[in-house]
Amino acid sequence: MVNCRCLTKVVCGFDFAILLHFAFLAASFLLRLVVMVTVCNVSFMAMFTFKMGELVTDKHVKYILSVEKRKDDFESVVMEHLRMNGAYWGLTALDLMGKLDVVDVNEVVSWVMSCQHDSGGFGGNVGHDPHILYTLSAVQVLALFDKMDLIDADKVTNYIVGLQNEDGSFSGDMWGEVDTRFSYIAICCLSIIHRLDKINVEKAVKYIISCKNMDGGFGCTPGGESHAGQIFCCVGALALTGSLDLVNKDLLGWWLCERQVKSGGLNGRPEKLPDVCYSWWVLSSLIMIDRVHWISREKLIKFILDCQDKEKGGISDRPDDAVDVFHTYFGVAGLSLLEYPGLKPIDPAYALPVDVVNRIFFKK
Amino acid sequence: MASGSSEVEEEEQERMMLRDRPEWADVTPVPQDDGPCPVVPINYTEEFAEVMDYFRAVYLADERSPRALSLTAEAIHFNAGNYTVWHFRRLLLESLKVDLHDELEFIERIAAKNSKNYQIWHHRRRVAEKLGPDARNAELQFTKKVLSVDAKHYHAWSHRQWVLQALGGWEDELDYCSQLLEQDIFNNSAWNQRYFVITRSPFLGGLKAMRESEVLYTIKAIEAYPENESSWKYLRGLYKGETTSWVNEPQVSSICLKILSSKSNYLFALSTLLDLICHGYQPNQDFRDAIEALKIPDLDTQDLDIASMICSILEKIDPIRVNYWIWRKSRLPQVA
């Protein structure tokens, strides 16, 4: 790679007159240079893949599709109430791998819409009560398929606005559980449907900041221990409301990069085990505060790739454990953030592919 | 499966399918609306699927009856994550005016197998809220039990913080933190709780009042295990909003020197010293001597100011975060 860059500099340094004079020679030299640069890139990729291991994309696609189809085993019956989350994880992972088209759009979209209640909120599956968690996933799934026009934005907005409390926090549903996760969800969802102005943003931000701890991190409620998942939610919410200036980026950046352990994986709190899902929570947070270069990219990539089941497909929380859709999504999303070749870029705040976010905000 | 609940006694004997129980004869179960593919279940899944079919029937009919309550217990035993079942159970508890102390016991049995489950903790909080200050000891006991199995359990700590603030019980909390830290000085949750107590307990006088004793406590912890991220962070946190006091506190700089001089596990001692210098601390020759005594290979320390030296060392001994230490070096206050 270094040689290629040096050669490029040499070519640009040629005297213009000499170039004219030896135009033929220069042209053929340039041609050779292009070939050399291409070969360098190809061998870098080959070396990259050889050194880092390989992402077995096709196996993961097969795995995700098999999970979507399975309805009769214990695991899928037990998870049926959060199928909306599962759909978001599986479908976003497929889209990042460029394989969203293998899914039947109409089947998924009509199922998603059948989970909506009169209140505007979505349940985790047909016949389940509405909850803010599944409302965001539903909106995100519709965004993936470019079916935003199916969303009654006012209805969804009413549901979410109704969940904001006096102190600016958000409840998950009518039962009043409060958690900064719900602050992120509310803000992300309303932002996607262009209704962020309908909540009290100032109070929402104030509440999130009240959950900031002395180590620079954020917890679920004021005083709650800093945790990478909660940090993602708070930083994401602050990013989407243009309030990142309220974060001590250097302090938080250090806390986040301290999550990387010897194996290259990331944990969620000091002295805990690494887990692939933190490849997302920690990484996207670092990206949002411009500090991602503080971790070792290569070591993290290697860790995620080691968590694959290369036979059956799917990714697990750590090497040699059982795979699931949740960790498959976070592993793929993490690799996308790390610019692993062959994956679509993902937006760290919206947790949707960048082209989907662009479509949301720039499509007429 | 769980045992001991009068509501699910059937499980201790052979479990009878709902369709065979006479008290359910009048109900038509409602199957899951999933799509065209018929299901070929194994036995266990068949029992669970049947419970959910009957649950759907009573839920759609909004039947507020003791048998419906009993059914939600069965459904929860199969799958404690189903928030719709918990939701309906709460409605039933209200309508049937159930003794909520019994409900606390029920939750405890479920939590024994499912403790990492948002629904259980949320439900527990709703019930405890209704019981009010009476529930205080039960809640502190319950979280203590969970924490004795997993001392870093995020939900348990979150619930415990809510209990203290809503129902009280602060008096013994600092001691409890000390106990947990004695068992595992690296328990970041316990350090976080300690900070929570000293800053919020109505009985302790606040951070400033507690600072002196807490500094002593923390220094001891650092001396024992200088590689403990939590204790160093806690020490810094004791001076929140008063950086000058932190910089000028002799105990802070001297613990850095002590650890450096021990030549063992000195990473956080170095980074803390670096932070101190960046906030105006001026280390004396002892520090320079201690650093040079570390004899870090391939390090040319001759002309470097002490802060740059520290950054160079950290780049070497914490290579996974080399970019962070390079950045720190670039941000050092300019040496005159």
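Below, each value reflects all heavy atoms present in this structure, side chains not excepted, and no hydrogens, waters or symmetry copies. In what follows, chains are A, B, ... by sequence order, proteins preceding strands, each numbered from 1. Predicted, not measured: the structure shown is a model, and the values here were computed from it.
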Taking atom [atom1] of [X] and atom [atom2] of [Y], what is their separation to the nearest 0.5 Å?
{"X": "B:Gln161", "Y": "A:Glu225", "atom1": "CD", "atom2": "CD", "answer": "9.0 Å"}
{"X": "B:Phe88", "Y": "A:Asp129", "atom1": "CZ", "atom2": "CG", "answer": "10.0 Å"}
{"X": "B:Asn188", "Y": "A:Asn267", "atom1": "CG", "atom2": "CG", "answer": "9.5 Å"}
{"X": "A:Thr221", "Y": "B:His159", "atom1": "OG1", "atom2": "NE2", "answer": "12.0 Å"}
{"X": "A:Arg259", "Y": "B:Glu229", "atom1": "CZ", "atom2": "CD", "answer": "4.5 Å"}
{"X": "A:Glu271", "Y": "B:Ser189", "atom1": "CD", "atom2": "OG", "answer": "11.0 Å"}

Out of B:Trp191, B:Trp157, B:Tyr154, B:Trp162, return the one with the most heavy atom pairs under 4.5 angstrom to chain A.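 Of the candidates given, the most pairs with chain A belong to B:Tyr154.
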Best-contacting candidate, A:Gly224, A:Ser114, A:Gly253, against chain B by heavy atom pairs under 4.5 angstrom: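 Between A:Gly224, A:Ser114, A:Gly253, the count favours A:Gly224.
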Using a 4.5 angstrom heavy-atom cutoff, name the option from A:His227, A:Glu258, A:Met174 with the most pairs to chain B.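 Top option by heavy-atom pairs under 4.5 Å: A:Glu258.
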Given that the side chain runs from C-beta out, which part of [X] has a heavy atom under 4.5 Å from chain A: side chain, backbone, both or neither?
{"X": "B:Ser271", "result": "side chain"}
{"X": "B:Phe196", "result": "side chain"}
{"X": "B:Arg126", "result": "side chain"}
{"X": "B:His122", "result": "side chain"}
{"X": "B:Trp327", "result": "side chain"}
{"X": "B:Arg125", "result": "neither"}
{"X": "B:Trp325", "result": "side chain"}
{"X": "B:Lys240", "result": "side chain"}
{"X": "B:Leu238", "result": "neither"}

Closest contact, heavy atoms only, [X] versus [Y]:
{"X": "B:Arg321", "Y": "A:Gln260", "answer": "NH1-O, 3.1 Å"}
{"X": "A:His293", "Y": "B:Asn323", "answer": "O-ND2, 2.7 Å"}
{"X": "B:Ile320", "Y": "A:Lys262", "answer": "CD1-O, 4.5 Å"}
{"X": "A:Lys272", "Y": "B:Lys152", "answer": "CD-CD, 3.5 Å"}

Check whether B:Tyr118 forms a cation-pi arrangement with A:Arg181 (NZ or CZ under 6.0 Å from the six-membered ring centre, at most 45° off the ring normal).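 Ring-cation test returns yes.
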Can you check whether [Y]'s main-chain N or O pairs, donor with acceptor, with [X]'s side chain at less than 3.5 Å?
{"X": "B:Asn82", "Y": "A:His81", "answer": "no"}
{"X": "B:Asn192", "Y": "A:Gly223", "answer": "yes"}
{"X": "B:Tyr195", "Y": "A:Asn213", "answer": "no"}

Plane angle bin for B:Tyr324 and A:Trp254 - parallel if under 30°, tilted between 30 and 60°, otherwise perpendicular: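 If you compare the ring of A:Trp254 with that of B:Tyr324, the planes turn out parallel.
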Hey, what's the ring geometry for B:Tyr83 with A:His131, parallel, tilted or perpendicular (30° and 60° as the breaks)?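 Because their plane-to-plane angle is over 60°, the rings of B:Tyr83 and A:His131 count as perpendicular.
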Please indicate whether A:Asp118 has more than 12 foreign heavy atoms, meaning atoms of other residues, nucleotides or ligands, lying under 6.0 Å from its CG.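 Counting neighbours around CG of A:Asp118, 12 or fewer heavy atoms of other residues, nucleotides or ligands fall under 6.0 Å, so no.
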